[in-house]
Amino acid sequence: MYAQEGAVTAPTASSVDGRVSRPRLRSLAPVGGAWVTIHRVGSDSAGPIDSMRTGADGRYHFRYARTGKGDAVYFVSASYDGIAYFSRPLVSTHAGGDDAAIIVFDTTSIHFPLAIKGRHIVISSPSVNGSREIVEAYEIANESDQTLVSPDDAHPSWSAPLPAGAASVQVGESDISPAAVSASQGRVRVTAPFAPGLKQLSFSYTVPQTSFPLRVPLEAGVTVLELLLEEPRAEARGATLKPQQPATIERRIFQRYLGADAPAGSSIEVHVPVVVAAANERVYWEIAGALAVLMAAGLGAWYARARRRRGVGGAASSAAAPTATERLAREIARLDADFERAGSSNETARTAYEERRRELKRELASALDSPAHLS
């Protein structure tokens, strides 16, 4: 239950006792000397509260006071091999156990394939010039016990092809910072690290009428493949897609196609009617949020099976997928940690850091004030 908007709580003495570990064979080994920081992120203010290094047994302990607005989120981060890892949000004022446990991983820049557990594609009706906006959402899984990192911008940790004619690529709501996503030479490229577990990435782009029939390549195999077409007379075929009952998203009706275990190297072909003019130009960013619900429902069984298979190794991804509020809080904490680690006195770097931090805080305040968060 969340505090009412604007409510300020009395200072509350709190504590957290946790442990930083990393997988080793069939057990978890303590990580001594890891730098851990407790963070507070709220609509009134955000920032680190305290920091320390873990003991030889990997354990840490913080005593702190919960102050300010009651909508604040508290959590702990640990830095290991230059990568930040996070605890669950500290719901209790005296947290411990799984809520305070942080699992870290060794890193590697030696590329290995990441599994595509879900790929969801939404193709809109045409705009006034016949172009169509396409929203894609991926669920990308690192099923190893190492964090995959990008050695440089020329060697992304993950990439995927774009259809011919794709332009104006924009990152939507994702577990990956937009700053770590780029598009060039017909590909989307990600330079963010991929820790073991699942990450969601969504982005949009436009394609002209001349790109149809549109061929959408599947460079890697996909466990769950979904395609939504808003135009009633549009048709799709290929991969393992089969037509389903229409889906309604944000009061719009879409033809729905669904496939399982689509093989690498296959493709989807989409045919649409020729457009002379369209009545309105529409924007479909809200679809990306609605897709998150469909993705969670479609992959719920996979999550459960994966957690049972991984056993101890699955402890790192046992927490629920982060909410928008938690994701923004973590991004602010990661931004603070990166700036502090860089130790830059460059005025340009500081200005960029402060502007990005203000932007994230505005997004967080908006998320905290949203009806979904307050319900």
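A distance of 5.0 Å separates CD1 of Ile116 from CD1 of Ile140, quoted to the nearest 0.5 Å. Atom CZ in Phe105 sits 12.5 Å away from atom CG in Asp81 (nearest 0.5 Å). In this structure, Asp175 CG and Glu331 CD are separated by 10.5 Å, a value rounded to the nearest 0.5 Å.
A donor-acceptor contact under 3.5 angstrom links the side chains of Arg237 and His271, judged on distance only. Neither side chain, Ser127 nor Arg132, offers a donor N or O lying under 3.5 Å from an acceptor on the other. Looking at Ser124 and Glu230, their side chains never bring a donor and an acceptor atom within 3.5 Å of each other. For the 3.5 Å distance criterion, the side chains of Ser159 and Arg187 qualify, holding a donor opposite an acceptor. A donor atom on one side chain and an acceptor atom on the other are found under 3.5 Å apart for His39 and Ser77.
For Thr37 (side chain) and Trp35 (main-chain N/O), no donor-acceptor pair under 3.5 Å exists by modelled atom type. With hydrogens and angles disregarded, a donor-acceptor distance shorter than 3.5 Å links the side chain of Thr54 to the backbone of Gly33. Put simply, the side chain of Tyr60 gets close to the backbone of Ala100: a donor and an acceptor are under 3.5 Å apart. In terms of modelled atom types and a separation under 3.5 Å, the side chain of Gln170 and the main chain of Tyr205 share no donor-acceptor contact. Remark: the backbone N or O of Thr67 is paired with a side-chain donor or acceptor of Arg40 at under 3.5 angstrom. Here the side chain of Gln255 pairs a donor or acceptor atom with the backbone of Pro232 at under 3.5 angstrom. The backbone N or O of Ile83 lies less than 3.5 Å from no partner atom in the side chain of Thr147, so there is not a single donor-acceptor pair. Asn142 contributes a side-chain N or O that, together with a main-chain N or O of Phe194, makes up a donor-acceptor pair within less than 3.5 Å. Asp44 contributes a side-chain N or O that, together with a main-chain N or O of Lys69, makes up a donor-acceptor pair within less than 3.5 Å. Checking side-chain atoms of Ser157 against main-chain N and O of Ala192 turns up a donor-acceptor pair under 3.5 Å.
Side-chain contact between Ile121 and Leu228 is absent, with no heavy atoms from C-beta onward closer than 4.5 Å. Contact of the Leu148 side chain with the Pro193 side chain is not registered, since no non-hydrogen atoms from C-beta on lie closer than 4.5 Å. At least one side-chain heavy atom of Ile268 sits less than 4.5 Å from a side-chain heavy atom of Leu225.
Ring geometry for Tyr138 against Phe203 counts as parallel: the plane angle stays under 30°, on a 0 to 90° scale with 60° as the upper cut.
Ile38 and Met52 fall within the same hydrophobic cluster, where Ile, Leu, Val, Met, Phe, Trp and Tyr residues are linked whenever their side-chain heavy atoms come under 4.5 Å apart, directly or through other members. Residues Val135 and Ile253 do not share a hydrophobic cluster, defined by chaining ILVMFWY side chains whose heavy atoms lie under 4.5 Å apart.
For Glu359, the CD atom sits in a packed shell: over 12 heavy atoms of surrounding residues, nucleotides or ligands are nearer than 6.0 Å. More than 12 heavy atoms of other residues, nucleotides or ligands lie within 6.0 Å of CD in Gln146, so this atom counts as buried by the packing criterion.
When the side-chain hydrogen bond (donor to acceptor under 3.5 Å, both in side chains) test is applied to Asp152, the partners found at least two apart in sequence or on another chain are His155. Take Arg66 and apply the salt bridge (Lys or Arg N to Asp or Glu O under 4.0 Å) test, not counting sequence neighbours, and it matches no residue.
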Exercise. Hey, mind stepping through Asp17 and Arg63 against salt bridge (charged side-chain N to carboxylate O under 4.0 Å, His left out) and telling me if it holds?
Worked result: CA-CA 9 Å; Asp17 290 274; Arg63 291 187 182 276; over 6 Å; no
For this session: Take Glu136 and Arg119 through the salt bridge (charged side-chain N to carboxylate O under 4.0 Å, His left out) test and state the conclusion after the steps.
Result: CA-CA 7 Å; Glu136 292 207 44; Arg119 185 177 177 184; 2.8 Å; yes
Exercise. Stepwise, does the salt bridge (charged side-chain N to carboxylate O under 4.0 Å, His left out) test hold for Asp57 with Arg19?
Worked result: CA-CA 8 Å; Asp57 59 358; Arg19 187 185 188 210; over 6 Å; no
For this session: Determine, step by step, whether Lys117 and Glu143 satisfy the salt bridge (charged side-chain N to carboxylate O under 4.0 Å, His left out) criterion, reporting the C-alpha distance in whole Å, the side-chain angles of both residues, the deciding distance to 0.1 Å, and the verdict.
Result: CA-CA 11 Å; Lys117 295 301 177 182; Glu143 298 178 317; 2.9 Å; yes
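Here Tyr64 and Tyr74 bring their ring centres to under 6.0 angstrom of each other.
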